[in-house]
Structures are given as C-alpha cells and as structure tokens.
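One structure is given here, and the rest of the page talks about it.
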Amino acid sequence: MPATELAAPPAPPVVAGVPGPAAPPPRRRHRRARLVLRYVLLSVGAVAILFPLYMAVVNSLLAPSQIAHQPPPFFPFHPQWGSYRKAWTDGDLGIYLRNSAIQTSVIVAGQLVTSILAAYAFAFLEFPLKRTLFIVFLMTLMIPFEVTIATNLATVSSLGWFNTFPGLTVPFLATGFGTFLLRQAFLQIPRDLREAAQLDGYGHLRFLWSVAIPLVRPALAALGVFSFLGAWNQYLWPLLVTGNDNSVRTVQIGLKQLINTQLDQINVSLAGTVIAVVPLLVILVVFQKQLVRSLTSGAVK
Amino acid sequence: MTSATVTIPRERAPARHHLLSRRHREWGLAYLLLLPALVVFGVFTFYPFLKNFKLALYQNPPYPGLPMHYVGFHQVTSVLSSTSFHQSLVSTLLYVLMVVPVGLLGGLLLALAAHKAIRGMPVFRTIFSSTVVSSVAVAAVVFGTLMDPVVGLLPWLGIDPHPAILQNPTWALPAVSLIAIWQFLGLSFIIMTAGLQSLPDEILEAARLDGAGGWAMFWRVTVPLVSPTLFFGLVVGTIYAFQSFGQIDILIGPQNSQFTHTNVLLYYVYQALSIQNDPGVAAVLSIVLFAILLVFTLAQLRFLERRVTYAGN
C-alpha cells in the first residue's frame, strides 16, 4: 500500500518523495523520518481518543478526595478496588448487566430471525406485491424510532408492558436495514444451487436452513454485531419504559441513576461506567471485521 | 414438493394445474415469512408514525382525566411559532454544525494516518474505531467527570468559567457537542477507512509523483477522491447528530436545558412527553424532526439503491 503522507498538517512540502537520480541515503533517511512522524501522529490520535476512558479507569481507582486533588493524579499509585464492589452491589450493576444481557439477546435473536425470514422471501420467492412490500420495508428506514415514541408508549402501556422485557424488546424485533443486508447476501447465492437443491427434493425451508443460512454466515455475523451494539447502547426507550422499577432496568439507565444518587462517590459511578463498557470493548476486539462490514454496508441506522 | 417426473427444465413443466398450485403455495409461504416483520413494523413503526398526524391536532384537556380535544392546526401553529421551539431549532442546528464537520474531518485524518500497512497498525485501527462501541451514557459520565468544576481537569488547565461549563449558557452546547464528536469519531474513522480502501492506490501514488504534497495534495487530490465517502459520512453523521440527546439528559437535565440553550429537538420531544405529559406537542415536534431527517434519510436510501441495482443484476 503506498503511503499517504498527508495526514501531517505541518508536513513540509519538500518530503514529496520524488524518485530520481538523487543518492539513495538521504531518501532512505527521509523515509525513516516520515515513518517516525507517522507513528508520532498515530500515537497522538490514539492518546487523544483513549484519554477520556483512561482517566475514567484511573479515577475509578482513586478515593474521591484524591480525584479532587490539584494537579489531578494521572496514575493510581494506590488503587482502591472497593469502588467496583460498591458499584456492583450498592449500584445494583449486577442486576442491570443481567437485564441488558437479556434485553440485548432477545433483540439480536429476534432481529436475526425476522430478517432471515423476510430476506429469504425477497430473495428466493416470487409473489404479488413483492416490490411494494420491499419498499415498505425500506420505508421503515425513513422513520426514526424517536418519531414514534409518543404512541408506542401508549401502546406498550395498554398492553401492560411497562417495566417488562416485552416492553423493552418487542418494538425492535424487526429491522428494515437487517432485512436489506441479508437479502443482498442471499442474492449472491447462485440460482443453480436452489435448482439443484430442488431436484434433490429440498423444500424452501430445508434449503434455507441447511444451505442458504450457512452460506451467508458472514452477513449474519455482521448484522448480529450491529444489532448487539444498537440494543446494548439504547438509551431513550429503556429510560421511558423502565420507569422507576429496577427489576428490568438496563445498564445504561443504571449508569444515569448511579451518577444521580452518588454525587460524592464519583469513583463508584466511574467504576460502573468501566464495568458497562468492558463487554463492548471485548466485542469490538473480537468482531471488529463484522462490525466494520455492517457499519459500512451502504446504510447505517 | 417437486413432482418426481420432472427431468426437463421446470419452466416447461408438464402439468399446468400442478404448477399453479405450487405457485400459490409459494405465495403463501412468502407472506408467512414476511408476516413477523410486518406485524412489528405495523404496530411499532407505521401506526405510531401516522398517529402523530392525528395527535398533532388534539390538545391536552385543561384538567387531567378529561379526553383530549380537537383544536385543528391551532396547536401546530402555536408550537411552531413559540420561542422555545425556535431556540430548540437553533440549538439543534448549531449542535449538528459543530459535531458533523469536526467529526468527519477528524475521522478522515485518522483514516489517512492509518492507511498504510505498517507494524502495529491493527492496534491503532482498533483504538480509532473504539468510540463506536461506547454508549451515550458511558460517554456522558466519562466526560462529565472531566468537565466537572471540582474534580475535573478544567481548573488544572486554567479554564474555569462561572457558572460551571455545563451550566453555562455559552459553553454548555459546545461541551455537549465535544462528547458527541468523540463518540462519532469511531464511526467516522471506520467509514473513511472503508472509503480510502476502495480507492485505487495508483491514484494517490501518481499524485505524489507529480510533486503534490502535504495540504495541497490533501485538498486537491484526497478530498475530491473520497468525496462520495465524505458525503455518505455527512448523511450518516447528520442523522446521528439529530438523534442524540442522552448526554444532555444525563449532564444537564430538564431544569437547565432551556437556560443553557441545550434543549435540542429530540430532548424537547422527550420533555414534552415524559415531563409535561403532552403527546400533542410531542407529536408536532416529532413531525418536524421527521421532516428534517427525511431529507437525509432519502439521501441515505440513494446509497442503498445504488447497491440494489448493483446486486440485483
């Protein structure tokens, strides 16, 4: 991959790397200098991005009096792990994490199932109104969830779903974006494969289960990670439907509560924050490829 | 399901009657497969969306417990002409104008810096993408601490406005935008990296051979080349920015949001709904939000459509 040395705003224009009859040693030195410069830039960017989270970790391990110290301490020389225990027990973070895990798994599983079914119909079946119905699916991308909350709250409350997992999850069990993504993946499967399977006596459902789904596993993973991220990080809807009952409250809302109730214990709310973000960092490291794939697949919702 | 006698291409199937019934069965199956998603969309997307247009015409009763009464466009005009709506609109636009360009440019610069296979690059890429997984609550708590007048870094840096930055009418909105920028950087980096990777390397190389370097090359070659990606990022980022409100709810709260000019549209909707308990006003505001977002979502759909035509062939 050729260099794109333009990330350095102050890069002197002399370093344009013009190949010529010039003696090789200075060029090589230039290249070395530029490599060093690149690493410096990358490190500055990395530090700037990680700094807030780093400070959260540091402060979570300090006593509140130490946090307020000037100049602020940038390293916990005497880490106090008690804040994590407090956040976990007093802050009920254990319960909230469990709730988030349930809520997120239900949404991810639901979105995968409904998207697989609908995407299969759009990719492999012929039926009247197919085009219209596909447009209906795409239209859901044009209606942000925020625009529907007024009536959805009324609906959920009339179903008796306040402070319940159905209330948290059912409105999100289908996704136009996911259906679109999987339809694209299904369309890549050669038609001949379906024909051959048909000759072997495979019905549609058996073909879907044992041929189509295994073939689109990368797209499923991409959608799964994307849904996970969206569900886990939901804020507005859980805030509205979990009221003041902590039996189903998710970790994001738990964090808000943690700050409001423990103003004098900033280390505890930061410990809670670190606990809440760790599962996601793990997901990022493990599923980076799938995540990138879903985020750049032409549409993000 | 298939008839056992078929040995020639199925399009010329022998029994026409048989074919018809098979086709009907296929229709039934298709609708059955679409049904779960359609039910969810119907109940939780289309119905509430359309209901907004009705709710907008009804006003809360003067006393709780009475039914809402029809007021026609009176409520729409009174909301749209209110100062708090204008202020909210201005705050939202300022917020979007701060978050999106800075986030996009930052993501592009990071992507350019990371666009080379050198040792350690996967680590840098992971770090640069990392803010995409941080939730709004996490970002708010983390930055809220850093911006705190007592335990934060600002006094140490010599910046210590009164009232404190998050209660300050001038600084609260930029402070909240900074949090959103940080959160958006990860997504912006990922999008820009994908855009750069789709560019033929020879073009960037050729520009370098022509002697264009530094800023000149950045503005004259790289930016035009990645402009489709930048545009895509612009659309996605704008939609994201219009939909954010969590950090305002956590760090500023309903009492202070008007005073600090951080009452962005979505927060206004939330307040109308859950604090003033006024679905009519919330509906009017929702329609406005929808109308603004529609422009950007339509642009986003054009990207989807392009993919449809590519993949459909």
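Convention: sequence-line order gives letters A, B, ...; per-chain numbering from 1.
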### Message
Taking side chain as everything from C-beta outward and backbone as N, CA, C, O, which of these in A:Val136 sits under 4.5 Å from a heavy atom of chain B? Side chain, backbone, both or neither.
### Response
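For A:Val136, heavy atoms of backbone and side chain both lie under 4.5 Å from chain B.
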A side-chain contact here means heavy atoms from C-beta on lying under 4.5 Å apart; do [X] and [Y] qualify?
X        : Y        : answer
B:Trp27  : A:Leu125 : no
B:Pro48  : A:Phe145 : no
A:Phe127 : B:Leu29  : no
B:Ser135 : A:Val277 : no

### Message
For A:Phe51 and B:Trp182, I'd like to know if the aromatic rings sit close, meaning centre-to-centre distance below 6.0 Å.
### Response
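Aromatic pair excluded; centres sit 6.0 Å or further apart.
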Which heavy atom in [X] sits nearest to a heavy atom in [Y], and how many Å separate them?
X        : Y        : answer
A:Tyr39  : B:Arg119 : OH-O, 2.5 Å
A:Arg38  : B:His115 : NH1-N, 4.4 Å
B:Asn52  : A:Val147 : ND2-O, 2.7 Å
A:Thr148 : B:Thr45  : CG2-O, 3.6 Å

Once side-chain contact (heavy atoms from CB on, under 4.5 Å) is applied, do any residues pair with [X], and if so which ones, sequence neighbours excluded?
X        : answer
A:Ala174 : A:Thr114, B:Ala37, B:Val40, B:Phe41
B:Leu185 : A:Ile49, B:Leu110, B:Thr131
B:Ala114 : A:Leu42, B:Met121, B:Arg125, B:Phe128, B:Phe189

### Short side-chain to backbone donor-acceptor contact, B:Gln243 and A:Pro144, under 3.5 Å
no
Report which part of [X] has an atom under 4.5 Å of a heavy atom belonging to chain A: side chain, backbone, both, or neither.
X        : value
B:Phe296 : neither
B:Leu146 : side chain
B:Val269 : side chain

### Message
Under a plain distance cut-off of 3.5 Å, with no hydrogens placed, do A:Tyr235 and B:Asp249 share a side-chain donor-acceptor pair?
### Response
yes
### Message
Does anything in residues 282-289 of chain A reach chain B? List residues with heavy atoms under 4.5 Å apart, or say none.
### Response
A:Leu284, A:Val285, A:Gln288
